[in-house]
Amino acid sequence: GRVLDVGAGSGLLSLMAAREGAETVYAVEASGDLARVAQRIAADNRQHVGDKIQFVEQYSTEVSLATIDDAPVDVLVSETLGTFLLGEDALVYMADARDRLLKPGGDVIPAGGVQHVTAISSEALSQITRVSANYDGYDLSHFNALIDNSVVLFSKRFGMRVSDLAAVDVSPPLPIYTVDFYNDTPESFAGRVARPVVLPFRAQCTCTIHALVYHWEAWLDRERHYTISTYHGDTRHNIPRDIAWGQAVQIVVVESDDGTPAPFEVTRGEALEVHIADAGNVALIRGVVKRAGRQEEL
């Protein structure tokens with residue numbers, strides 16, 4: 001069949017589709033620099049894919065049926081996922097291409113996914129985000145008053161792998177939202193995602209909650225036989241996955257009696273909640289951990 005690759009980048013998915021038997025692959029890439037590199041890569045791999053790949057240097061929203069030989073394609077494939085699942089507007093581009101350029105009953109890859117958040121305890125993370133009370137005999141702990149727990153850090157931008165931080169999960173992965181690339185539109189998704197979202201859990205250890213980690217799982221087929229996950233437990237032996245997507249990390253603290261940030265200590269079995277103020281802000285989700293029944297932010 002015929003394949004449309006939205007956001008083709010290096011052209012890897014196009015190469016794979018062509019090698020696996022696609023009749024024609026339309027590799028759509030808006031960046032001229034990337035498109036030219038992808039064309040050179042395809043040329044170097046002509047022994048595997050022949051001349052099956054046609055490069056289209058446009059945004060997918062600008063592509064018409066005339067661009068793809070006046071006929072809808074059999075398969076839509078896209079890797080426009082970000083550190084947050086929908087952080088690079090994957091649903092916007094995939095829904096548009098699906099509704100205009102895919103034949104009825106065609107396949108969509110990935111089929112869907114889920115955005116998770118997990119509360120973690122990690123002394124290693126604490127050592128790089130807090131100032132020690134005893135550094136070569138000096139007490140610098142007052143610097144901890146400047147900890148900003150509203151900032152969300154992207155691990156790959158800092159060369160940090162959460163899987164290397166000896167993290168202990170204080171919560172299980174908590175689902176913030178799911179997306180169905182076969183059926184969802186940006187409008188239907190926005191209408192379905194509750195705001196705010198409250199995610200209850202019980203602490204899985206007596207420990208300190210040091211951070212919230214945002215990660216996702218995408219399933220390539222509707223039956224979910226084939227999945228990709230950025231959960232830090234799944235990327236421990238997968239450096240490329242951490243480099244490509246990584247995780248988003250948000251420091252967790254509690255306000256002490258004097259108004260300064262202090263470690264958030266919890267007891268195993270304690271009822272807790274993660275509050276997401278705006279789950280629909282898919283490019284930058286922020287959470288707050290609260291003790292169940294408490295109204296004040298921690």
Side-chain angles (χ1 to χ4, degrees), residues 3-9 13 28-30 58-64 72-73 75-118 152 154 171-201 212-231 244-250 273-288:
V3 176
L4 180 68
D5 180 3
V6 170
L13 295 184
V28 179
E29 176 51 58
Q58 285 181 299
Y59 284 102
S60 61
T61 51
E62 300 170 345
V63 174
S64 67
V73 298
V75 179
L76 168 63
V77 61
S78 180
E79 195 294 277
T80 48
L81 308 177
T83 300
F84 288 110
L85 179 64
L86 299 181
E88 296 182 6
D89 286 332
L91 180 57
V92 173
Y93 294 111
M94 291 185 69
D96 171 77
R98 177 198 68 210
D99 293 344
R100 296 189 304 109
L101 306 172
L102 181 67
K103 66 173 52 175
D107 291 317
V108 180
I109 304 172
V114 56
Q115 176 69 59
H116 283 122
V117 60
T118 299
V152 177
F154 286 16
S171 76
L174 305 170
I176 300 173
Y177 63 74
T178 60
V179 62
D180 178 355
F181 290 123
Y182 272 91
N183 296 296
D184 276 337
T185 64
E187 295 75 22
S188 69
F189 174 82
R192 189 180 74 248
V193 176
R195 308 176 190 182
V197 173
V198 178
L199 306 170
F201 69 97
L212 295 174
V213 178
Y214 301 90
H215 53 92
W216 49 257
E217 181 180 29
W219 35 91
L220 306 187
D221 58 321
R222 281 174 151 172
E223 295 73 27
R224 307 187 188 185
H225 292 151
Y226 304 98
T227 64
I228 299 174
S229 167
T230 63
Y231 168 62
W245 298 298
Q247 300 82 26
V249 179
Q250 183 182 2
E273 298 169 341
V274 176
H275 289 235
I276 307 293
D278 186 0
N281 182 13
V282 294
L284 187 60
I285 300 171
R286 291 187 178 94
V288 174

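Heavy atoms from other residues, nucleotides or ligands lying under 6.0 Å from OH of Y231 number more than 12.
For the pair Y177 and V114, the minimum side-chain heavy-atom distance is 4.5 Å or more. Using a 4.5 Å heavy-atom cutoff, the side chains of L85 and V179 are in contact. Contact annotation: the side chain of I285 never approaches that of V117 to less than 4.5 Å [non-hydrogen atoms, C-beta and beyond].
With sequence neighbours left out, N281 forms a side-chain hydrogen bond (donor to acceptor under 3.5 Å, both in side chains) with no residue at all. For A279, the side-chain contact (heavy atoms from CB on, under 4.5 Å) partners are I176, V193, V197, I276, not counting sequence neighbours. Partners of W216 under the side-chain hydrogen bond (donor to acceptor under 3.5 Å, both in side chains) rule, at least two apart in sequence or in another chain, do not exist in this structure. When the side-chain hydrogen bond (donor to acceptor under 3.5 Å, both in side chains) test is applied to H215, the partners found at least two apart in sequence or on another chain are T118. The side-chain hydrogen bond (donor to acceptor under 3.5 Å, both in side chains) test applied to T227 returns E217, not counting sequence neighbours. In this structure, the salt bridge (charged side-chain N to carboxylate O under 4.0 Å, His left out) partners of D184, at least two apart in sequence or on a different chain, are R192. The salt bridge (charged side-chain N to carboxylate O under 4.0 Å, His left out) check on D278 picks up R195, with sequence neighbours excluded. In this structure E187 satisfies the side-chain contact (heavy atoms from CB on, under 4.5 Å) test together with T185, sequence neighbours excluded. Applying the side-chain contact (heavy atoms from CB on, under 4.5 Å) criterion to R286, with sequence neighbours excluded, gives V152, Q250, L284. Checked against ring-ring contact (aromatic ring centres under 6.0 Å, His included), F201 has no partners two or more places apart in sequence or in another chain.
Contact detail for S78 and L13: the closest heavy-atom pair is C-CD1, 4.2 Å. F181 approaches R98 most closely through the heavy-atom pair O-NH1, 2.8 Å. The two atoms that bring L4 and A97 nearest to each other are CD2-CB, 4.1 Å, heavy atoms only. Looking at every heavy atom in both residues, T83 comes nearest to A248 through CG2-N, 3.5 Å. Closest heavy-atom contact between L199 and P175: CD2-O, 3.3 Å.
For E62 (side chain) and S64 (main-chain N/O), no donor-acceptor pair under 3.5 Å exists by modelled atom type.
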Per-pair distances, 0.1 Å, donor-acceptor, side chain in residues 99-111, under 3.5 Å, sequence neighbours excluded:
from, atom 1, to, atom 2, distance (Å)
R100, NE, D96, OD1, 3.0
R100, NE, D96, OD2, 3.3
R100, NH1, V63, O, 2.9
R100, NH2, S60, O, 3.1
R100, NH2, V63, O, 3.0
R100, NH2, D96, OD2, 3.0
K103, NZ, D74, OD1, 2.7

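Residue pairs that meet the ring pair (Phe, Tyr, Trp, His ring centres under 6.0 Å) test with at least one member in residues 82-101, sequence neighbours left out, are F84-F154, F84-Y214.
Atom OG1 in T178 sits 9.5 Å away from atom NE2 in H116 (nearest 0.5 Å). Annotation: the span from H225 atom NE2 to W219 atom CH2 amounts to 13.5 Å, rounded to 0.5 Å.
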**Prompt:** Is there a side-chain contact (heavy atoms from CB on, under 4.5 Å) between V249 and L212 once you walk through the steps?
**Reply:** CA-CA 6 Å; V249 179; L212 295 174; over 6 Å; no
Before giving the answer on side-chain contact (heavy atoms from CB on, under 4.5 Å), spell out for F189 and L91 the whole-Å C-alpha distance, their side-chain angles and the decisive distance to 0.1 Å. CA-CA 9 Å; F189 174 82; L91 180 57; 3.6 Å; yes
side-chain contact (heavy atoms from CB on, under 4.5 Å) assessment of V6 paired with L76 = CA-CA 8 Å; V6 170; L76 168 63; 3.5 Å; yes
